[in-house]
Amino acid sequence: METPEKLNFLEEIIEDSIRSGQPRVHTRFPPEPNGYLHIGHAKSICLNFGLARKYNGKCNLRFDDTNPVKEDVEYVDSIKEDIQWLGFQWDGEYYASDYFDQLYDWAVELIRKGKAYVDDQSQEEIRTTRGTVTQAGTNSPWRDRSVEENLDLFARMRAGEFKEGEKVLRAKIDMAHPNMLMRDPLMYRIIHASHHRTGDRWCIYPMYDYAHGESDSIERITHSICTLEFDVHRPLYDWFINELGIFPSHQYEFARLNINYTVMSKRKLLQLVQQGYVSGWDDPRMPTICGLRRRGYTPSSIRLFAEKVGVAKRDNIIDLGLLEWCLREDLNKTALRRMAVLNPLKVVITNFPEGQTEWIECVNNPEDPEAGTRQVPFSREVYIEQEDFMEEPPKKFFRLAPGGEVRLRYGYLIKCNEVVKDADGRIAELRCTYDPQSAHGESSDGRKVKGIIHWVSAPHAAEVEVRLFDRLFAAEAPDETPEGGTFLDNLNPDSLKVVRAQAEPSLAEAAAGQRFQFERMGYFCADLDSQPGKPLFNRTTTLKDSWAKIADKN
RNA sequence: UGACCCAUGGUGUAAUGGUAACACAGCAGAUUUUGGUUCUGUUAUUCUAGGUUCGAGUCCUGGUGGGUCAACCA
């Protein structure tokens, strides 16, 4: 039985057009190269490339590079890297700047048709005569210049005869239009700046609204999808295409992705970087794609997330927990298990011979038999997690306590006989005995213990640096601040904690980018700066922790 | 106060005029050498008022609530 597939509204639109005889699907992902991509862009990438893939169509990568003062090649490189890392490949690499000549010719055509004019008003005058959302604007005194004069002035704008702000080219639509964007929108402005691709060839640059639809049209894009805030731009998008009589691309809008406990605007992310609140665009706490990558997220977990959040036109705030769930879903199946103790407490096993090492076979991944096993050393002195021992355990505490017994994961049962304290009364070490008959899940008399804890042999342990990340913001909606506040006030002061951990020896040789599950502690990834012999791990995310909930209730 | 978009469990997303469902989260239990994983069960949903219809989450009208738009940004 085939279950009917649930289509999102964009797929509905595409399938409608297929049914009516328009089978071709061509999308595009159109970033401006003025910053790094974030998880919100990942949703758009998955949509554009995913739709093309699903309907045997194509998806272009097009850089919307119409504003030379904001853009840079540094960004185009990072954008390409991020898209490929996510698992997508574009069918063509294009730049809006490749169309500057065509766009110029079309502007001349609109002037000839009496649909565009050169305006001499200042920026201030243009702003005030545009009116407001409730009041109509007023016509520019230059609105009715002759075609010849407009042609001459526009050519001289291009030739560099005017200073920035002296003149602009405007579409002649309707200064009383209820949609503000239709009140004689600007098509070209003068910018005497070098462009990262066209250099100094141009000193007039097209605005987004004039360039975007035409670029889509040139590439014969069938479905131009963008976020909701461009909805009011659609009439203008259509207006230019209609007036020019060119290939009719169509724009469709979907709700952008929002996630709680983070910010998604490029401006704010830039601020975090520039003011040093994070170490860079790829700080593992950032919602940027490079940040998530460095943190240890997998491409497929992000694709799964994009699929799970779906696509609609309703504003949304997705729970960060869903992204983490998608990550664990992936990593649980693929990450090799290792043992590392983040907050070590020394345990001496008094009845284990001094100087002896026993090698214990440990499963690399219980979810994947093919991952095999490894040998881990065991000896008289081991480290366990401080939080796995309590002198006065609460109810349902299955871990170690005075007189209590737990199993060392993959190893023996140990019983705590003595708690040794230092001069300040702090627990210095535990003295335990082990049951030599208790390997492989057994015990000398058939008794069962509920607690299983991870451990590392002290003399064999590798000391490693581990960075424990928490959410960057303490507030669910960091943008919502009281009067006079900023989103920076909501930064989580404890978003980064660095510890020196004791890890099983093999971890010392981890290569940058390798992912592991440290049993019972979470998923970790060797950082970009990690080197064999001097490893550095990022905690990608914790494991689900149902004990924490029980402990909270106590 | 203008135009446009949106409104379904806590969070998302479906239901295409005919039994309101799925995922995450929550809760309860089973399994488990990770308090992980897996499995089972379970709580909880159509903004509001009218209208059309045998029948409305879906169509229509009004209201309410949220969002977008007044950069020579994209």
Side-chain angles (χ1 to χ4, degrees), chain A residues 4 6-8 12 30-32 34 64-67 69-71 96 119 122-123 126-128 130-137 164-165 167-170 177-183 186-191 204-205 207-209 211-212 226-235 253 255 260 266-267 307-319 321-326 328-329 332-333 337 339 362-363 366-367 396-399 406-411 413 438-442 448-454 517-522 542-551:
Chain A
K6 310 233 166 150
L7 302 179
N8 64 48
E12 296 274 10
E32 182 187 17
N34 70 341
D64 229 334
D65 55 349
T66 56
N67 187 353
V69 300
K70 287 193 170 182
E71 298 151 6
D119 195 346
S122 70
Q123 188 165 351
I126 288 175
R127 191 173 60 76
T128 54
R130 187 147 33 212
T132 69
V133 289
T134 52
Q135 286 177 304
E164 289 186 16
K167 286 181 169 41
V168 291
L169 184 71
R170 291 232 252 174
H177 198 106
N179 181 344
M180 297 288 295
L181 283 149
M182 299 296 272
R183 318 239 263 229
L186 270 62
M187 293 168 60
Y188 274 91
R189 75 289 214 193
I190 297 167
I191 303 176
I204 57 171
Y205 291 91
M207 299 287 290
Y208 165 86
D209 282 307
H212 201 91
C226 61
T227 47
L228 243 33
E229 66 269 27
F230 289 97
D231 170 295
V232 286
H233 294 247
R234 180 157 27 89
E253 309 85 20
N260 56 10
K266 247 181 212 175
R267 202 200 93 235
E307 189 186 306
K308 289 278 176 198
V309 299
V311 57
K313 299 192 74 161
R314 190 162 41 145
D315 291 328
N316 60 79
I317 302 175
I318 307 292
D319 196 321
L322 184 64
L323 178 60
E324 293 175 340
W325 179 85
C326 293
R328 294 187 189 112
E329 183 75 1
N332 177 48
K333 298 193 185 87
R337 310 295 130 115
M339 291 197 286
C362 301
V363 170
E367 303 296 315
K396 293 192 182 171
F397 184 80
F398 302 150
R399 284 110 98 145
V406 290
R407 179 174 293 283
L408 294 179
R409 175 82 163 143
Y410 302 115
L413 258 23
S438 65
H440 310 297
E442 288 153 14
K448 297 270 182 208
V449 300
K450 215 158 187 184
I452 297 151
I453 63 175
H454 61 281
Q517 183 196 102
F518 291 175
E519 294 212 39
R520 305 207 307 136
M521 301 312 289
T542 57
L543 255 28
K544 189 174 153 192
D545 186 356
S546 43
W547 162 243
K549 274 183 211 161
I550 298 167

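Here is how names work: the chains are called A, B, and so on, in the same order as the sequence lines, proteins then strands, and each is numbered from 1.
Rounded to the nearest Å, the gap between the P atom of rU48(B) and that of rG9(B) is 11 Å. Spacing of P atoms, rU11(B) relative to rC73(B), comes out at 38 Å, to the nearest Å. Atom name C1', nucleotides rU64(B) and rA70(B): the rounded distance is 26 Å, in whole Å. Separation of the C1' atoms belonging to rU46(B) and rG12(B) is 15 Å when rounded to the nearest angstrom. Straight-line distance between the P atoms of rG66(B) and rA44(B): roughly 29 Å, to the nearest whole Å. Look at the P atom in both rG18(B) and rA23(B): the space between them is 23 Å, to the nearest Å. For the C1' atom pair drawn from rA25(B) and rU43(B), the interatomic distance equals 12 Å after rounding to whole Å. Taking atom C1' in both rG57(B) and rA14(B), the straight-line distance is 11 Å, to the nearest Å.
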Pair pattern of RNA chain B in dot-bracket, where unpaired bases get dots and | marks partners in another strand, Watson-Crick or G-U under 3.5 angstrom: .((((((..((((....[..)))).(((((.......)))))....(((((..]....))))))))))).....

Protein-to-nucleotide contact annotation, 5' to 3' order, nucleotides 68-74 of chain B [B base; S sugar-phosphate only; - none; under 4.0 Å, heavy atom]: BBBSBSB

Nucleotides 22-38 of chain B: protein proximity per nucleotide (B base, S sugar-phosphate only, - neither; heavy atom, under 4.0 Å): -SSSSS-----BBBBS-

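Residues Thr542(A) and Arg328(A) form a side-chain contact, since some pair of their non-hydrogen atoms from C-beta on lies under 4.5 Å apart.
No donor-acceptor pair closer than 3.5 Å links the side chain of Asn332(A) to the backbone N or O of Glu367(A). Of the possible polar contacts, none joining the Gln135(A) side chain to the Gly131(A) backbone as a donor-acceptor pair under 3.5 Å is found. At least one donor-acceptor pair under 3.5 Å links the side chain of Arg183(A) to the backbone N or O of His177(A). In this structure, Asn260(A) contributes its side chain and Asp319(A) its backbone to no donor-acceptor pair below 3.5 Å.
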Lys70(A)/Glu32(A) under salt bridge (Lys or Arg N to Asp or Glu O under 4.0 Å): CA gap, chis, key distance, verdict: CA-CA 9 Å; Lys70(A) 287 193 170 182; Glu32(A) 182 187 17; 5.6 Å; no

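When rounded to the nearest whole Å, the span between CD1 of Ile318(A) and C1' of rU11(B) equals 7 Å. The interatomic distance linking Arg234(A) (CZ) with rA3(B) (C1') rounds to 13 Å, in whole Å.
In this structure, Tyr208(A) and His233(A) have perpendicular ring planes: the angle between them is above 60°, well past the 30° mark.
Glycosidic conformation of rA71(B) is syn; the angle stays within 90° of 0.
Glu519(A) is linked by a side chain to side chain donor-acceptor pair (under 3.5 Å) to Arg409(A), Tyr410(A), counting only residues two or more places apart in sequence or in another chain. Legend: residues meeting salt bridge (charged side-chain N to carboxylate O under 4.0 Å, His left out) with Glu329(A), ordered by chain and number and at least two apart, are Lys333(A). Asp64(A) pairs by the side chain to side chain donor-acceptor pair (under 3.5 Å) definition with His212(A), not counting sequence neighbours.
The structure places OG of Ser438(A) at 5.5 Å from CZ of Arg407(A), a figure rounded to the nearest 0.5 Å.
No contact: Val363(A) has no heavy atom under 4.0 Å from any strand.
A 6.0 Å sphere centred on CD1 of Ile317(A) holds no more than 12 heavy atoms belonging to other residues, nucleotides or ligands.
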